[in-house]
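Everything on this sheet refers to the single structure shown next.
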Amino acid sequence: MVRLGALAVGLFFCIAVLWGAVQPRDAVPVDPVKEAHQYPEKITWSHNGPGNLGILGTFDRGQLQRGFQVYKEVCSACHGISLVAFRDLSALGYNEAEIKAIAAEYEVPSIDENGEPSTRKATAADKFPPRYANEVAARAAQNGANPPDLSLMTKARPDGTNYVRSLLLGYRDEVPASLKASAPEGLWYNPWFHSVFIAMPPPIAADGQVTYTDGSPQTKDQYAEDVAAFLTWTAEPKLEARKETGVAAVLFLLVMTGFGFLSYRRVWADIKGKKAKA
Amino acid sequence: MSFPWARQYQPTTEFGKFMDSRLPLPRFVYGALGAGYPTPKNLNYFYNFGVLAGVALVIQIITGVVLGMHYAADTRVAFDSVEHIMRDVNGGWMLRYMHAVGASFFFGVVYVHIFRGLYYGSYKPPREVLWMLGLVIFLLMMATAFMGYVLVWGQMSFWGAAVITGLFSALPIVGEAIQTWLLGGFSPDNATLNRFFSLHYLLPFVIFGVIILHVWALHIPGSNNPTGVDVKGPQDTVPFHPYYTAKDFFGLGVYLTIFAAVVFFIPNSLGEPDNYIPANPLSTPAHIVPEWYFWPFYAILRAFTVDFFFIPAKLMGVLAMFAAILLLFFLPWLDTSPVRSNAYRPLNRALFWVFLVVCLVLGVAGGKPAEEPWVRLSQIFTAYYFAHFLIITPLVSRFEKTLPLPSSISEAVLAKYGNGPSSSPGTGVGGAAPQPAE
């Protein structure tokens, strides 16, 4: 009885699903967006460690500071990093006074002595204020686009660090012929963006746009790489602690497992030994 | 419980004797996990995965309880509270990555545990109830994992909640009402998040309760073993402690090492980047996919693309997805072969491996966007999934010629390792059947 029921149910599902499988498929037209879309170029990062495997590695403090400078002078015109607190900047190598000075450049919401809404200078304990008060304000100021917060950007995109760098360097003047007709007005062509047309104007326009004080090359490539590294830190500020703990944890567990194996062998020695003699 | 030659607990201290006549908890543990539980002596490493699953649940509960102290189930702050844990809570990043990766690992070990049961026929009499309790745990795990994923309130959380509760809307007449009832509204919102948090906290303890029943049901007939032959006498068993406690400790060490490597070195490799984007009800992600452990079932859900007579395609998909799990409850009565272990069922063994590959392909297809060739591949392999359990297994168990069974576990073990009189050379490795010595 069970078998007959099973046979009936089995045939029901098999026929239903195979009926779908034998239906002819509509020819899928080649999607010009997919054709044009590019995957991020992989480059070597200090936080990816030996072999660029991502297992070990530490941030390059100088690079993070340069990246922060690029963020401040370029990206922050439109994008916030509202999950990052000013105090977190100590991880970049800034001292307390420097952090205080950086925070003081920003205004955060507050109430004055009469209880009226007001603003005050940010302190180290505050987070970076969002660039716009809300999405409506952002779209009104940005020609209908909503610049996303960048705090988590490198974890919110596949291969995020390389993606940010590739995207920043990915603006192209020549739109492929297949996309010319559908190119939206007012957007820029960038094959690294998922829809290949992006509302953000090329933010890094020329070499020398940001003046570095540490003698690093002032090139578009360097700017893109530095800010991508900085945004990797904003997305994963505990990356170094995580990898350090990981090395200790894995080493401990390997030793523990080794002893576990030895005691397993010892406990079983009499059973396995007897067996062989039996 | 179990066998008459099981060692009995002997309290040695005054306190032990005092407790034993009032609350014999030490006696209970001794009989369940100690020297008082005789266990077949030929269990291989695949038999470690039950204990590993238990440890995985405990890791989830411990990390989850602490995460719950810092998490806020409110749509306005839920996403930021997770980032607060990642950035500002001491060791919060570790707890959260352990919990997120731990869910994946929990499913990983449970899948191995289930397939081990399939291979060695552990669902067969007298272990049907044990098998069904395991399936109940699996269903509870799926519900718990799904609701936990929603708590992050990222894009995949929100749209996953919308899609999965939307499945119920495919049911005729009552469907829409059920979806509204589940969500507490017409779309995922604060009411949804709050009830999911409440249930996500509750269900692991329900799972824990069912695990107690699962272990109880295990201890009545005792563990199955790779030969599938019943324990005949004391020579076939060893006490659980110290033999299997030692083996499980070693297995646990291997598991924790791999777990730690993923948690600390590649914690986001198993997740979707989209879930680091805060939930936005006005922007649908290009590809809504669940976590990897749901992919085979997601592939079955999406495999039904055309209406079947009067049944809409969507409803067919939903029915098939639930049926794919529920049919496993009937497996003990579908596979009627008296031989448990696939070591002695050559045809069924080959079909087991085919089925495993089918599940893996369904898994890959379920993670891809709904495009060719993945849709057609899902359809063919979905058909095989149902055919395997509902048509092929009953037929095979009826007509297959099985290999002769060893007369006891000891004999099979001797044939495999021994150099004594009853051993036969050249057998035993890689699933080859040890030949019985007559």
Side-chain angles (χ1 to χ4, degrees), chain A residues 2-3 5-7 9-21 23 25 28 53-56 83-85 88 148 151-153 155-158 160 194 235-238 241-243 245-247 249-250 253-254 256-261 263-264 266-268 271-272 275-278, chain B residues 41 80 83 86-88 93-94 97 238 242-243 246-247 249-250 252-254 256-257 260-261 263-268 273-274 276-277 286 303-306 308 311 313 316 319-320 323 327 330 333-334 336 371-372 375-376 379-380 382-383 386-387 389-391 394 413-414 417-420:
Chain A
V2 175
R3 288 178 192 203
L7 184 69
V9 173
L11 287 174
F12 170 70
F13 281 117
C14 286
I15 292 169
V17 74
L18 290 176
W19 178 239
Q23 300 295 315
R25 301 296 198 256
V28 181
L53 294 173
I55 292 173
L56 302 176
L83 293 171
V84 180
D88 296 337
S151 314
L152 283 168
M153 189 50 73
K155 285 201 313 202
R157 299 288 182 277
H194 67 89
E236 187 79 358
K238 306 292 167 146
R242 167 162 69 73
K243 292 179 174 182
T245 316
V247 171
V250 168
L253 286 166
L254 281 176
M256 187 193 87
T257 307
F259 280 118
F261 182 68
S263 62
Y264 158 62
R266 180 151 183 180
V267 165
W268 280 78
I271 298 284
K272 299 209 165 180
K275 223 182 291 165
K277 273 180 238 131
Chain B
K41 64 182 180 183
D80 284 353
E83 281 305 314
M86 292 295 287
R87 289 157 194 269
D88 298 333
W93 57 269
M94 195 190 317
Y97 277 149
V238 291
Y243 293 97
K247 191 168 182 173
F249 182 78
F250 168 57
L252 180 65
V254 174
L256 288 179
T257 307
V263 165
F264 291 110
F265 300 138
I266 45 171
N268 290 309
D274 272 37
Y276 279 110
I277 305 170
F304 292 81
T305 51
V306 290
F308 189 59
I311 308 173
M316 275 307 299
L319 290 176
L327 64 83
F330 296 91
W333 296 276
L334 295 172
T336 49
E371 292 165 1
E372 295 302 340
V375 176
R376 193 166 266 153
Q379 291 174 325
I380 294 163
T382 296
F386 284 99
F389 284 116
L390 298 172
I391 301 169
V413 170
L414 286 171
Y417 296 106
N419 41 17

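Bear in mind that the values here come from a model prediction, so they are computed numbers and not experimental data. The figures here come from the full heavy-atom set of this structure, side chains too, leaving out hydrogens, waters and symmetry mates.
Two residues are said to be in side-chain contact when any heavy atoms from C-beta on lie closer than 4.5 Å; B:Lys247 and A:Val267 fail this criterion. B:Trp93 is listed as a side-chain neighbour of A:Arg242, based on a closest heavy-atom distance under 4.5 Å. Put simply, the side chain of A:Leu18 does not reach to within 4.5 Å of the side chain of B:Gln379, judged on heavy atoms. Using a 4.5 Å cut-off on side-chain heavy atoms (C-beta onward), A:Met256 and B:Leu252 make no contact. B:Leu390 places none of its side-chain heavy atoms less than 4.5 Å from the side chain of A:Leu7.
The two atoms that bring A:Gln23 and B:Arg376 nearest to each other are O-NH2, 2.9 Å, heavy atoms only. Of all non-hydrogen atoms in B:Phe304 and A:Ala16, the two that sit nearest each other are CE2-CB, 3.9 Å. Closest approach of B:Ile391 to A:Gly10, counting heavy atoms only: CD1-C, 4.1 Å. Nearest approach of B:Ala260 to A:Leu253, heavy atoms of both residues: CB-CD1, 3.6 Å.
At a 4.5 Å heavy-atom cutoff, the contact between B:Met86 and chain A is made by backbone and side-chain atoms alike. Using a 4.5 Å cut-off between heavy atoms, B:Phe308 contacts chain A through its side chain alone, with no backbone atom that close. Neither the backbone nor the side chain of A:Val28 comes within contact range of chain B; no heavy atom of the residue lies under 4.5 Å from a heavy atom of that chain. With a 4.5 angstrom heavy-atom cutoff, A:Leu83 touches chain B via backbone and side-chain atoms both. Using a 4.5 Å cut-off between heavy atoms, A:Ala235 contacts chain B through its backbone alone, with no side-chain atom that close. Contact annotation for B:Phe389: neither backbone nor side-chain heavy atoms come within less than 4.5 Å of a heavy atom of chain A. Looking at B:Ala323, the atoms closer than 4.5 Å to chain A (heavy atoms on both sides) all sit in the side chain, from C-beta outward. In this structure, chain B has no heavy atom under 4.5 Å from any part of A:Leu53. Both the backbone and the side chain of A:Pro158 come within less than 4.5 Å of a heavy atom in chain B. Using a 4.5 Å cut-off between heavy atoms, B:Val238 touches chain A through its side chain atoms alone.
Contact count versus chain A (heavy atoms, under 4.5 Å) is highest, among B:Phe249, B:Trp333, B:Tyr97, for B:Tyr97. Contact tally against chain A (heavy-atom pairs below 4.5 Å) for B:Met94, B:Glu371, B:Glu372: the top residue is B:Glu372. Highest contact tally toward chain B, considering only A:Gly260, A:Ala156, A:Gly160, A:Ala249, is held by A:Ala156 [criterion: heavy-atom pairs under 4.5 Å]. Between chain A and the residues B:Ile311, B:Thr257, B:Leu256, B:Asp88, the largest count of heavy-atom pairs under 4.5 Å involves B:Thr257. Per-residue heavy-atom pair counts under 4.5 Å with chain B were compared for A:Leu56, A:Ile55, A:Val2, and the maximum is reached by A:Ile55. The candidate from B:Pro273, B:Ala387, B:Ala383 with the greatest count of non-hydrogen atom pairs under 4.5 Å with chain A is B:Pro273. Chosen from B:Leu319, B:Ile380, B:Asp274, the residue pairing most often with chain A at heavy-atom distances under 4.5 Å is B:Leu319.
One finds the CZ atom of A:Arg3 at 8.5 Å from the CG atom of B:Leu334 (value rounded to the nearest 0.5 Å). To the nearest 0.5 angstrom, B:Asp80 atom CG is 9.0 Å from A:Ser151 atom OG. Residue B:Ile277 holds its CD1 atom at 7.0 Å from CE of A:Met153, rounded to the nearest 0.5 Å.
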Test side chain to side chain contact (heavy atoms under 4.5 Å, CB included) applied to A:Phe13 and B:Met316, step by step: CA-CA 8 Å; A:Phe13 281 117; B:Met316 275 307 299; 3.9 Å; yes
Chi angles and distances behind the side chain to side chain contact (heavy atoms under 4.5 Å, CB included) call for B:Asn268, A:Lys155: CA-CA 8 Å; B:Asn268 290 309; A:Lys155 285 201 313 202; 3.4 Å; yes
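Surrounding CH2 of A:Trp19 are at most 12 heavy atoms belonging to other residues, nucleotides or ligands under 6.0 Å away. Around the CZ atom of B:Phe265, the shell of radius 6.0 Å holds more than 12 heavy atoms that belong to other residues, nucleotides or ligands.
Aromatic ring centroids of A:Phe12 and B:Phe386 lie 6.0 Å or more apart. Aromatic rings of B:Tyr243 and A:Trp268 (six-membered ring for Trp) have centroids within the 6.0 Å cut-off, being under it.
Applying the salt bridge (charged side-chain N to carboxylate O under 4.0 Å, His left out) criterion to A:Lys238, with sequence neighbours excluded, gives no partner residue. Evaluation of the salt bridge (charged side-chain N to carboxylate O under 4.0 Å, His left out) rule for B:Arg87 yields B:Glu83 as partners, not counting sequence neighbours.
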